[in-house]
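Working notes, structure below.
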Amino acid sequence: MIKYSASTVVSHYLLIVRHFLTFLRIRYQRSETIYNDASLVVVAIAVINIITVNLNQSPTDLEPALLASGVYHWEQGRFEPYNVNPPLVRMMAAVPTLLLGHDTLWPRIDMRPAAHSEFRFGKAFVDANLTRTTMLIRAGRVMCIPFFVLGAYCCFQWARRVSGQSLGGFIALTLWCTDPTVIAHAALLTNDVPAAAASLLTCYLFVRWTDTFEVNLAILAGLALGLSISCKFSCILLVAICFPLCLLGYRNILKTQDRLRPGSKVLAGCITAMLVSVLVVNISYCFEGVFRPIEKFEFVSQAFAGEKIPGNKFKEILPSYTPVPFPENFLLGIDKQKKDLEEFPLDSYLHGEWKHGGWWYYYIYGILVKWNVLTLLLALASIVSMIQVVVDSRSALRKHIVDIQALICGTVGFIVAVSSQQEFNIHFRYVLPAFGFIFVVIGSTVGRDNCLSPIIKALSLPFAALALTLTISNVDPLSYFNCLSGGSENGYRHMQGSSFHWGQDAERVLKELERRNITIQEVDMSYYDYAHWKCLTEYNDNSAQDVRWKIVGPEVMSKMPSLLQESEKIPHSRLTRTAWIIPKSTFIDHCLRDLK
């Protein structure tokens, strides 16, 4: 019998591993384009998945108001409804409705400065179109898919540029295409994914501009900046990120090149980009109220009005005749949004605690419980790789110092900006613009050429296949929580609002009621606004009738400990991840018990 020493076995094992890694290195070096082809496949599968989610998700809380406001912008040329966000995305989403036809009886606009007319518009739109509203909303959602594809493209191109190979781009693109939160909101008629994609494009183009400071790239960067701000007001933060990057890029050119570039060229490019971005914003508002004197504005937020509300503290700073180069409702919308932040009436929820106000770590906590485990592992590997870059002065990533600075500023800037607004925390989606930057950082660091490249290359395609499988199998990505947090079934224990449920499962609730032979007349459906049910069925308010069952949402369950503890014992308790149905008498008994 032949015996081998431990050292012999280990040496043979290492020799086999070495030959295997050498084979992988040769195989993938010869087929670098495999990642380009695989990226197209991943994006195609993700788009199909988004369309599937679109068809399965019921209209959410804001979508009727968003669609109605977009249609109103086109038909009336006015931008008061939903002016707390720019009109570009909802106007794009309204195009299918204008082509397919619709019925409307618009209510009067409440012209008070702090009034929100959009929800009355949404209600009127649903009343006029009833169940046809769902089809129109789903058609409008499709118009937002190009923004998702744009975000995937930017992730791939930027990570490939920094890492130096297509593997980095493929990893970043896969993370974008398989993130449940990105998929969920890419399938909705909202501003979040368009703002995230446009923000990534803006910073990428500004970084590209710092390579040569050519005027054509300055114009493209300005167009992207205007597009970002036209998607969401929070993208104004990009002004504070991108233009300082230009100075950093110019300084680096002075250090690394013998031929000095005139500073006037850089300054002219910055001015050009700024003017182009302002022009794009004005076009998105059809130049409504542009160059209106500052004295004509009345503001309602303390940030703009000062101590006297309504008021205008800018009158004390600027001459009263100073023209404002932005649309009227652009400025009034920012003011109204600030007002909502200052006096938000609803409580916030996080991990079993309700309170008025928010938490500085709300969005960081959300990332830890809502990102899938594969992404968290890659993020951890990226942190380790970044430490190696800091230690290794010869790292290839140091050649892309402006890219790294832009990615870090984009990530930290958006996370800090949303975390600093602690007036309320009910929307995890507000941090979405930071996701693209994080995914590019992960792809750029993990996908760079190092000693682990053969292993990463060998695992990259299986990783993408597994991530896509997990994403596609998730029928409700909006309520997704990872297995470390207890899974989606326990998501209500962590977060509420659009972070967990937003009305997206109303259609599934109706199907479950039908499966249990419970008619809609027997149920008090006050869990969602009646518009949810009118979009799906001919629903009449049953609150005044003698109903047998009551649908209860996660907010109510988390506020009633006794009901939550006994929910599994109550007949017909769980309908979906985000809805319970219980006997109305039982609900009343628990209300009285918890009040005592």
Side-chain angles (χ1 to χ4, degrees), residues 62 65-66 69-70 73 78-91 109-118 190-192 194-195 198-199 202 225-243 274 277-318 322-344 413-414 416-424 427 429-433:
L62 297 184
L66 282 165
S69 299
H73 299 334
R78 300 181 62 176
F79 295 89
E80 288 87 356
Y82 224 108
N83 63 357
V84 291
N85 263 316
L88 177 64
V89 175
R90 55 182 179 269
M91 290 183 71
I109 296 180
D110 191 341
M111 297 304 294
R112 290 176 298 174
H116 288 267
S117 300
E118 55 269 15
T190 55
N191 305 66
D192 302 287
S199 299
T202 300
L225 178 59
L227 176 67
S228 302
I229 298 174
S230 299
C231 288
K232 201 166 186 179
F233 286 142
S234 60
C235 293
I236 296 175
L237 175 66
L238 294 172
V239 176
I241 294 176
C242 293
F243 289 102
M274 180 61 73
S277 64
V278 172
L279 177 62
V280 172
V281 171
N282 288 336
I283 291 175
S284 68
Y285 281 87
C286 299
F287 295 93
E288 181 204 39
V290 177
F291 297 121
R292 186 182 182 189
I294 190 66
E295 65 178 353
K296 300 285 186 181
F297 288 88
E298 290 291 329
F299 301 116
V300 293
S301 66
Q302 293 182 357
F304 286 9
E307 297 180 357
K308 183 181 179 181
I309 299 178
N312 186 342
K313 70 178 184 181
F314 297 104
K315 293 180 181 179
E316 304 172 0
I317 304 174
L318 301 172
T322 303
V324 178
F326 298 102
E328 176 183 358
N329 274 291
F330 179 83
L331 207 57
L332 293 178
I334 297 175
D335 172 59
K336 188 186 294 186
Q337 191 176 73
K338 292 292 294 182
K339 177 69 173 180
D340 292 341
L341 291 174
E342 293 168 357
E343 299 179 1
F344 194 76
F414 278 107
V416 170
V418 296
S419 298
S420 64
Q421 303 294 329
Q422 297 184 30
E423 291 80 4
F424 68 94
H427 298 301
R429 59 191 176 91
Y430 286 170
V431 79
L432 254 175

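Ring geometry for F314 versus F304: interplanar angle over 60°, hence perpendicular rather than tilted (30 to 60°).
Atom NZ in K232 sits 7.5 Å away from atom OG1 in T190 (nearest 0.5 Å). The CZ atom of F233 sits 10.0 Å away from the NZ atom of K336 when rounded to the nearest 0.5 Å. In this structure, C286 SG and N329 CG are separated by 11.5 Å, a value rounded to the nearest 0.5 Å.
Side chain of E328 to main chain of G289: no donor-acceptor pair is present (N/O by atom type, distance under 3.5 Å, no hydrogens or angles). The main-chain N or O of F299 is never found under 3.5 Å from a side-chain atom of D335 such that the two would form a donor-acceptor pair. Listed for the H73 side chain is a donor-acceptor partner under 3.5 Å among the backbone atoms of R78. In this structure, the side chain of S228 engages the main chain of A198 through a donor-acceptor pair within 3.5 Å.
For F79 and F330, the ring centers are positioned 6.0 Å apart or more.
Summarising the geometry of Q337 relative to N85, their closest heavy-atom pair is NE2-OD1, 4.1 Å, with the distance given to 0.1 Å. Between F326 and V278, the shortest heavy-atom contact is CE2-CG2, 4.0 Å.
With F297 as the aromatic partner, R292 meets the cation-pi criteria of under 6.0 angstrom to the ring centre and within 45 degrees of the ring axis.
Counted by atom type alone, N312 and E295 present zero donor-acceptor pairs between their side chains at under 3.5 Å.
For the pair L66 and N191, the minimum side-chain heavy-atom distance is below 4.5 Å. Counting heavy atoms from C-beta on, the side chains of I229 and P86 never come closer than 4.5 Å.
For K296, the NZ atom counts as loosely surrounded, since its 6.0 Å shell holds 12 or fewer non-hydrogen atoms of other residues, nucleotides or ligands.
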